[in-house]
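Because the structure is predicted, anything quoted here is derived from the model rather than measured. The chains referred to below are lettered A, B, ... by the order of the sequence lines, with proteins before strands, and numbering in each begins at 1.
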Amino acid sequence: MLDFPRWKVTAIWLVLAILVSLSIPSFLPERVTQGWPFTPPRINLGLDLAGGSYLLLEADTNDVAATRVEAMREQVQTEMRRQNPRIEIGEISSRNGQLSFLLRDPSQVDAARERLLSITGTGAGMTGQRQWDIQVVDSSRFVLTPTAAGLAQAVDTAMGDATEVVRRRIDELGTREPTIIRQGANRIVVQVPGLQDPQALKNLLGKTAKLEFKLVDTNADPAGLARGQAPAGSQVLPYPNNPSGIPFIAVKRSAIITGDMLADARQEFEPTTNAPQVSITFDSQGGRRFARVTQENVNRPFAIIIDNSVISAPNINEPILGGRASISGGFTTDSANQLAIALRSGKLPVDLKIVEESTVGPDLGADSIRAGILASAIAVALVVAFMLVTYGRFGVYANLAVVINVFVILGVLALINGTLTLPGIAGFVLTIGTAVDANVLINERIREERHRGRGVVQAVELGYKEASRTIFEANVTHAISGIIMFFLGSGPVKGFAVVLLIGIATSVFTAVLFTRMLVAGWLRRTKPKTINI
Amino acid sequence: MKLLKLVPDDTNIDFVRLRGWAFGLTLLLSVLAVGVTFYKGLNFGVDFEGGLMIEERFAQKPDLDQVRAVVDAQGVGEAALQQFGDPRTITIRLPVQQGGDEGATNAAVKKIEAALAQRFPGAEFRRYSTVSGKVSGELIRNGLLAVVLAILGIGLFAIFRFEWQFGVSTIVAIVHDLLMTLGFFALTQFEFDLNIVAAVLTIIGYSINDKIVIDDRIRENMRRYRKMEMRDIINLSVNETLPRTVMTSVTILLALFALLFLGGHVLRGFTAAMILGIVVGTYSSIYVSSSLLISLGLRAEPEAADKARPANSVEGAERVGPRT
């Protein structure tokens with residue numbers, strides 16, 4: 001008990017010194033640490049303390065499935081036409097998430113199947129499973145059914161891309177340290193601290209920003225249009241600002257150009273009217289294509305479509321050759337800017353819906369921090385005073401352990417780049433309360449052993465030995481609930497669990513090992529005949 | 001210097017004698033808690049109920065009826081108002097907005113904020129949160145799962161490290177603590193949200209902490225005094241650990257009361273739950289779980305005594321000692 005080898009003493013002090021010093025940068029204002037040659041680890045403040053927005057976005061997986069079927073429909077059509085001999089097929093129908101079409105010539109079944117196999121994945125993919133099942137019904141009808149594995153993979157890819165797009169869009173807003181994390185199969189968590197305008201963020205994320213230019217079908221009959229009917233090869237889309245008054249318009253199904261061919265998008269002002277507009281620049285491939293189509297269709301209208309809704313349908317007065325175009329149509333500066341950002345950052349491969357949201361005003365956050373720090377300080381002061389009057393010198397050691405423990409927890413939190421939340425502060429306060437428990441157990445044991453008539457050194461030794469076992473058992477059970485909270489909890493529960501778990505580990509270290517070293521040192525130096533405990 | 005002793009040395013309180021009363025009281029309180037929980041229900045927060053919550057701070061204490069009138073006039077559903085923390089702060093709870101998408105929610109928040117700012121100058125938005133019905137269902141499931149797993153995990157640990165009686169009595173005591181907490185929330189109608197689940201899990205952790213300390217002492221004393229009656233062992237153990245139990249509870253309560261009064265209103269329900277949990281947990285570890293060990297038929301080291309016999313001994317056979 002009394003022999004603490006020098007290396008052990010040094011090691012304990014070293015570990016504590018490192019961990020405590022790790023906590024220091026978190027107390028300094030950011031402008032102080034900015035000039036440092038290295039970036040010190042810092043504790044992040046949670047949204048409930050810093051103010052800001054938390055959004056949980058969820059993708060509609062049905063949507064991914066539908067988009068996939070639509071994409072496959074186009075792929076099938078191109079594939080059948082692309083090679084010689086062409087394989088003639090009837091109208092493709094997509095019902096119940098399946099694609100089905102009829103071959104004009106039943107003898108081409110094998111050739112058609114070959115071509116389908118080449119575009120539906122050969123089963124050698126990541127999962128080793130087919131993306132689509134191909135069936136032939138009644139000798140000439142093909143039915144393509146998406147497989148579950150294929151769909152899951154598609155959702156996964158789409159979510160990966162979507163997360164990237166969300167990140168780009170939020171970065172464009174210029175906010176500080178946003179956190180964007182994929183969660184589960186189809187969710188994205190977005191945390192933006194200190195955001196003043198959650199509305200703008202949501203507007204931006206709510207946009208898919210799927211941009212398409214399509215030719216207007218001028219042959220559509222207005223009466224049919226009103227009923228939602230369009231000629232073959234065309235589709236009806238909403239057109240809220242249609243000057244003709246009917247809020248619909250018929251456009252050709254195939255797009256002249258899509259957002260994928262975009263090189264840039266900027267908010268600008270229309271030179272003559274000074275109205276806000278979005279100017280877009282195509283990449284070289286898009287520019288060539290746009291030039292060709294506009295040349296062929298001078299004096300016909302084309303529709304500018306964003307997220308399946310027509311923004312405007314201007315006439316092509318002359319071929320547009322420079323690879324630039326502008327979108328106008330009732331924008332405000334803000335909405336034009338948002339559209340520009342959304343187009344720049346690419347389209348979302350899936351629609352995202354906000355399923356959970358919370359926004360904390362910065363004032364409330366500041367109030368909470370003040371209250372939390374005050375409560376922690378008072379809690380520490382009360383506990384320290386109480387320990388002192390109860391255990392005297394041994395209370396001083398316990399108190400040293402508690403105070404060091406406070407900084408060690410903060411240091412570890414900074415080291416793992418953890419986030420301190422309001423429930424985290426509560427976990428902190430509770431840890432202070434329970435950290436004392438270990439020393440209470442030890443000190444009560446020493447009292448007991450002294451009471452039984454044991455000598456000073458032996459009582460202290462037995463006190464630490466017997467109490468350590470109990471402390472171990474008690475902390476393991478406490479840690480069990482902490483670990484469960486960490487893995488199952490979301491938001492506040494998790495923040496609480498992190499602090500609790502760190503606190504359990506550090507408090508055992510400081511309360512048992514550190515105080516033991518102090519007590520042993522004192523006993524060795526003074527060799528007291530009796531102790532006041 | 002004379003040191004403070006909350007509990008005098010050598011207490012000799014016959015806790016076990018009271019166990020009939022304690023079991024009766026515990027049972028009665030548990031039944032009452034379950035009854036209140038079913039009858040009044042829990043006041044679920046938006047985390048679990050789904051819906052929209054706005055916290056607004058007014059320049060001075062507003063008239064609740066006027067606030068309600070302003071909110072109701074927006075046609076966003078029936079509002080539940082609650083004064084929260086200081087008298088100037090009000091939370092407004094609304095059901096999930098029709099249409100369910102963010103557009104509808106945004107519109108509702110905007111409308112309410114504008115209307116309140118107009119009617120009550122100086123009114124200021126503090127925070128809002130909204131949770132869809134689907135997510136809230138998941139949160140409830142995960143919360144329940146966490147609590148059940150925590151109980152099972154801890155019970156298994158107790159069985160593994162001690163004897164099965166300790167595991168069972170511990171689980172009984174935790175369930176008791178949980179029921180009391182639920183009853184408390186049903187009775188006071190404090191909002192029951194995700195934070196409270198964290199509090200409940202902490203109560204479980206703490207109350208186990210307490211029980212393990214006593215159980216550990218019981219086990220130690222069982223080895224030390226093999227001949228002693230079980231009830232005396234338990235009384236001795238509880239009395240021996242009493243100073244520690246009281247000391248620790250007092251320090252934690254000191255910390256928690258600091259948090260309750262100074263920690264800001266957001267954590268108030270959370271802290272209240274923990275304070276209650278500490279009190280209930282201390283009671284249950286002294287009166288419920290240790291006394292239950294007798295009812296469960298725990299005996300002083302019977303297995304150890306069995307194991308001491310040679311493995312190949314035949315029942316009733318004469319044992320031959322080593323020749324001396």
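Heavy-atom distances place both the backbone and the side chain of Arg126(B) under 4.5 Å from chain A. Residue Met53(B) does not touch chain A at all, counting heavy-atom pairs closer than 4.5 Å. At a 4.5 Å heavy-atom cutoff, the contact between Glu356(A) and chain B is made by backbone and side-chain atoms alike. If you measure heavy-atom distances from Tyr128(B) to chain A, the contacts under 4.5 Å come from both the backbone and the side chain. The contact between Glu473(A) and chain B is made by backbone and side chain atoms together, counting heavy-atom distances below 4.5 Å. At a 4.5 Å heavy-atom cutoff, the contact between Phe162(B) and chain A is made by side-chain atoms alone. Residue Leu139(B) touches chain A through its side chain alone, counting heavy-atom pairs closer than 4.5 Å. Interface remark: Ile480(A) contributes side-chain atoms only to the contact with chain B (heavy atom separation under 4.5 Å).
The candidate with the highest count of non-hydrogen atom pairs below 4.5 Å against chain A, out of Leu253(B), Ile212(B), Thr130(B), is Thr130(B). Contact count against chain A (heavy-atom pairs under 4.5 Å) is highest for Leu149(B) among Leu149(B), Val46(B), Val147(B). Of all the listed residues (Asn439(A), Ile373(A), Leu500(A), Val476(A)), the one sharing the greatest number of non-hydrogen pairs under 4.5 Å with chain B is Val476(A). Chain B forms more heavy-atom pairs under 4.5 Å with one residue of Thr390(A), Val440(A), Ile484(A), Leu382(A) than with any other, namely Thr390(A).
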Listed pairs under 3.5 Å, donor-acceptor, residues 240-247 of chain B side chains, sequence neighbours left out:
{"residue": "Glu240(B)", "atom": "OE1", "partner": "Arg217(B)", "partner atom": "NH1", "Å": "2.6"}
{"residue": "Glu240(B)", "atom": "OE1", "partner": "Asn221(B)", "partner atom": "ND2", "Å": "3.3"}
{"residue": "Glu240(B)", "atom": "OE2", "partner": "Arg452(A)", "partner atom": "NH2", "Å": "3.2"}
{"residue": "Thr241(B)", "atom": "OG1", "partner": "Ser237(B)", "partner atom": "O", "Å": "2.8"}
{"residue": "Thr241(B)", "atom": "OG1", "partner": "Val238(B)", "partner atom": "O", "Å": "3.2"}
{"residue": "Arg244(B)", "atom": "NE", "partner": "Asp437(A)", "partner atom": "OD1", "Å": "3.0"}
{"residue": "Arg244(B)", "atom": "NH1", "partner": "Asp210(B)", "partner atom": "OD1", "Å": "2.7"}
{"residue": "Arg244(B)", "atom": "NH2", "partner": "Asp437(A)", "partner atom": "OD1", "Å": "2.8"}
{"residue": "Arg244(B)", "atom": "NH2", "partner": "Asp437(A)", "partner atom": "OD2", "Å": "3.2"}
{"residue": "Thr245(B)", "atom": "OG1", "partner": "Thr241(B)", "partner atom": "O", "Å": "2.9"}

Step-by-step side chain to side chain donor-acceptor pair (under 3.5 Å) determination, Ser284(B) to Asp177(B): CA-CA 7 Å; Ser284(B) 68; Asp177(B) 300 348; 2.9 Å; yes
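Residues Ser481(A) and Ile208(B) have side chains not in contact (no heavy-atom distance under 4.5 Å, counting atoms from C-beta outward).
Between the Asn475(A) side chain and the Ile471(A) main chain, a donor and an acceptor come within less than 3.5 Å of each other. When atom types are taken as modelled, the side chain of Ser290(B) and the backbone of Ile214(B) share no donor-acceptor pair closer than 3.5 angstrom. Here the side chain of Asp307(A) pairs no donor or acceptor atom with the backbone of Ser309(A) at under 3.5 angstrom.
The six-membered or imidazole ring of Tyr391(A) lies away from that of Tyr397(A), with a centre-to-centre distance of 6.0 Å or more.
Residues that satisfy the salt bridge (Lys or Arg N to Asp or Glu O under 4.0 Å) test with Arg370(A), not counting sequence neighbours, are Asp367(A).
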